[in-house]
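Encoded as structure tokens, the structure appears first; notes follow it.
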Amino acid sequence: MEKIKIILTGESGVGKTCIINQYVNQRFDSAYLTTIGTDKYLKEITIKAKILKLEIWDTAGQERFRSVNTIFMKNSQIAILVYDITDKDSFKNLNYWYETIKDNNKEKVLYCVVGNKNDRYEERNVEEEEGKKFAKDNNMLFFESSAMDFESIEKIFIGASEKYVEEKEKEKELKAKNEKERKEKEKEKEKEKEKEKNINLNDEKNKKNNDNDNKKTGCC
Ligand code: GTP
């Protein structure tokens, strides 16, 4: 079973814990208990007949945990950058979270931007288009959600996992194609070498025959 490490980051209070809690336990809690450090949750899903074990990491947005959190950001395959659509600063700070994930991962990471709390649309301070533009400019997936609404939350995790599997398959196909081409080139080279060897052998044979002919001519 393939394991995928998903990390949620973003400013304190944007709803990271609630998003995970809704996805894993189908529950929404209106009480705010700030995350201390990092928590890990597990969920299995099936994508394209493949069972995937999602390892979902909830990180604290509070400043005092930032340096410790970077340890848990390493080896992430999917990063979900969350902002609150009613809080412009949480959107402006996405770049900070993006850079932090980038700095702590050597391998390629699939990024998603999530504008959360869209049930509070009357207090909206970040337009959906702004979120979409940020995502597009940085080659990321984009979702808006409400941690109160399971469907909107499920879409994030399913959408990101599908994209991840799709990209992995493409990478695999490309690798196989390159390997096939490499082997064909090698075969071609071998053939060329064989041809050259035969030409050299024939040249030598012809030379010997000519020498023999010359000898014969000389004797008579
Ligand atoms: P830190 O742990 O401090 O980094 O915060 P967090 O990003 O994990 O936020 P958390 O999930 O704890 O949510 C903070 C507050 O926002 C809580 O009071 C939640 O009930 C509320 N909240 C989270 N998501 C939503 C949402 O989609 N809609 C509404 N209306 N409230 C939400």
Side-chain angles (χ1 to χ4, degrees), residues 1-11 14-28 39-59 61 72-73 75-87 90-91 93-95 97-102 105 107-121 124 126-174:
M1 193 190 311
E2 188 173 353
K3 192 185 85 184
I4 303 180
K5 179 173 176 180
I6 303 178
I7 190 132
L8 273 85
T9 56
E11 293 298 295
V14 293
K16 300 177 295 294
T17 305
C18 287
I19 288 174
I20 300 174
N21 201 20
Q22 181 61 263
Y23 185 52
V24 177
N25 304 315
Q26 301 205 12
R27 259 186 39 203
F28 175 77
D39 290 323
K40 186 172 90 173
Y41 300 77
L42 298 172
K43 178 147 176 147
E44 272 180 32
I45 56 166
T46 307
I47 303 277
K48 291 186 180 175
K50 243 189 202 169
I51 302 173
L52 304 175
K53 187 176 183 177
L54 305 185
E55 204 180 74
I56 306 167
W57 291 74
D58 183 16
T59 59
F72 300 99
M73 289 178 180
N75 304 316
S76 298
Q77 273 110 18
I78 297 175
I80 299 180
L81 312 179
V82 187
Y83 68 93
D84 171 352
I85 65 149
T86 71
D87 176 1
S90 71
F91 177 66
N93 284 342
L94 283 183
N95 257 324
W97 296 104
Y98 177 35
E99 292 300 328
T100 311
I101 299 276
K102 264 202 307 195
N105 281 280
E107 302 287 325
K108 196 176 150 196
V109 177
L110 176 79
Y111 291 91
C112 301
V113 179
V114 174
N116 191 41
K117 303 195 188 181
N118 76 349
D119 55 281
R120 290 172 61 185
Y121 54 90
R124 183 188 279 278
V126 185
E127 292 308 316
E128 193 171 355
E129 284 313 310
E130 291 177 80
K132 274 188 185 163
K133 187 177 180 316
F134 177 86
K136 193 172 172 229
D137 290 349
N138 292 293
N139 199 22
M140 299 170 177
L141 297 179
F142 176 78
F143 301 90
E144 268 203 1
S145 66
S146 163
M148 293 174 170
D149 169 30
F150 177 76
E151 249 178 61
S152 71
I153 298 301
E154 191 186 32
K155 268 187 194 154
I156 302 167
F157 289 92
I158 298 285
S161 304
E162 273 177 355
K163 182 80 181 166
Y164 174 81
V165 169
E166 200 181 286
E167 285 195 353
K168 271 265 146 161
E169 276 173 4
K170 266 191 207 160
E171 255 173 47
K172 229 172 151 182
E173 276 169 24
L174 189 71

So which atom in [X] and which in [Y] form the shortest heavy-atom distance, rounded to 0.1 Å?
| X | Y | value |
| --- | --- | --- |
| Lys132 | Phe142 | CG-CD2, 3.4 Å |
| Ile51 | Met1 | O-CG, 3.3 Å |
| Ile19 | Ile153 | O-CG2, 3.4 Å |
| Asn118 | Ile85 | CA-CD1, 3.5 Å |
| Lys16 | Thr9 | CD-C, 3.5 Å |
| Ala160 | Ile78 | O-CD1, 3.8 Å |

Is the [atom1] atom of [X] crowded by more than 12 outside heavy atoms at less than 6.0 Å?
| X | atom1 | answer |
| --- | --- | --- |
| Glu44 | CD | yes |
| Lys48 | NZ | yes |
| Glu99 | CD | yes |
| Asn139 | CG | no |
| Leu42 | CG | yes |

Under 3.5 Å, is there a donor-acceptor pair between the side chain of [X] and the main chain of [Y]?
| X | Y | answer |
| --- | --- | --- |
| Asn21 | Thr17 | no |
| Ser76 | Ile6 | no |
| Gln77 | Lys5 | yes |
| Asn116 | Tyr83 | no |

Say you draw a straight line from [atom1] of [X] to [atom2] of [Y]; how long is it, rounded to the nearest 0.5 Å?
| X | Y | atom1 | atom2 | result |
| --- | --- | --- | --- | --- |
| Met140 | Leu110 | CE | CG | 10.0 Å |
| Ile7 | Asn105 | CD1 | CG | 8.0 Å |
| Lys3 | Asn75 | NZ | CG | 8.5 Å |
| Glu2 | Leu54 | CD | CG | 10.0 Å |
| Leu52 | Ile158 | CG | CD1 | 9.0 Å |
| Phe72 | Lys40 | CZ | NZ | 10.0 Å |

Check: [Y] and [X] side chains under 4.5 Å, non-hydrogen atoms:
| X | Y | answer |
| --- | --- | --- |
| Asp119 | Asp149 | no |
| Glu128 | Tyr121 | no |
| Phe143 | Ser152 | no |
| Ser145 | Ile156 | yes |

Point to revise | Residue from Ile20, Ile80, Asp39 passing side-chain contact (heavy atoms from CB on, under 4.5 Å) with Ile56 | key: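 Single pass found, and it is Ile20.
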
Practice item. For the pair Phe91 and Phe134, name the ring-plane relationship: parallel under 30°, tilted 30 to 60°, perpendicular over 60°. Key: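 Perpendicular: the ring planes of Phe91 and Phe134 meet at over 60°.
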
Check your understanding: Checking side-chain contact (heavy atoms from CB on, under 4.5 Å) for the pair Lys163/Glu167: CA distance, chi angles, key distance, verdict?
Key -> CA-CA 6 Å; Lys163 182 80 181 166; Glu167 285 195 353; 3.4 Å; yes

Point to revise | side-chain contact (heavy atoms from CB on, under 4.5 Å) between Tyr23 and Phe150, worked out | key: CA-CA 6 Å; Tyr23 185 52; Phe150 177 76; 4.1 Å; yes

Exercise for review: Could you go through the side-chain contact (heavy atoms from CB on, under 4.5 Å) check for Met73 and Trp57 one step at a time?
Suggested key: CA-CA 9 Å; Met73 289 178 180; Trp57 291 74; over 6 Å; no

Exercise for review: Take Lys50 and Glu169, measure what side-chain contact (heavy atoms from CB on, under 4.5 Å) needs, and give me the verdict at the end.
Suggested key: CA-CA 12 Å; Lys50 243 189 202 169; Glu169 276 173 4; 4.3 Å; yes

Point to revise | Lys133/Glu130 salt bridge by N-O under 4.0 Å criterion | key: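 Salt bridge: no.
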
Review point. Per the salt bridge (charged side-chain N to carboxylate O under 4.0 Å, His left out) rule, which among Arg124, Lys117, Arg120, Lys155 passes with Glu144?
Key: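 Of the listed residues Arg124, Lys117, Arg120, Lys155, the salt bridge (charged side-chain N to carboxylate O under 4.0 Å, His left out) partner of Glu144 is Arg124.
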
Practice item. Would you verify whether the NZ or CZ of Lys43 falls within 45 degrees of the ring axis of Phe157 while also being under 6.0 Å from that six-membered ring's centre? Key: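 Verdict for Phe157: no cation-pi partner in Lys43.
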
Practice item. Assess the side chains of Ser90 and Asp84: does a donor N or O sit below 3.5 Å from an acceptor N or O? Key: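 On atom types as modelled, these side chains do not qualify, holding no pair under 3.5 Å.
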
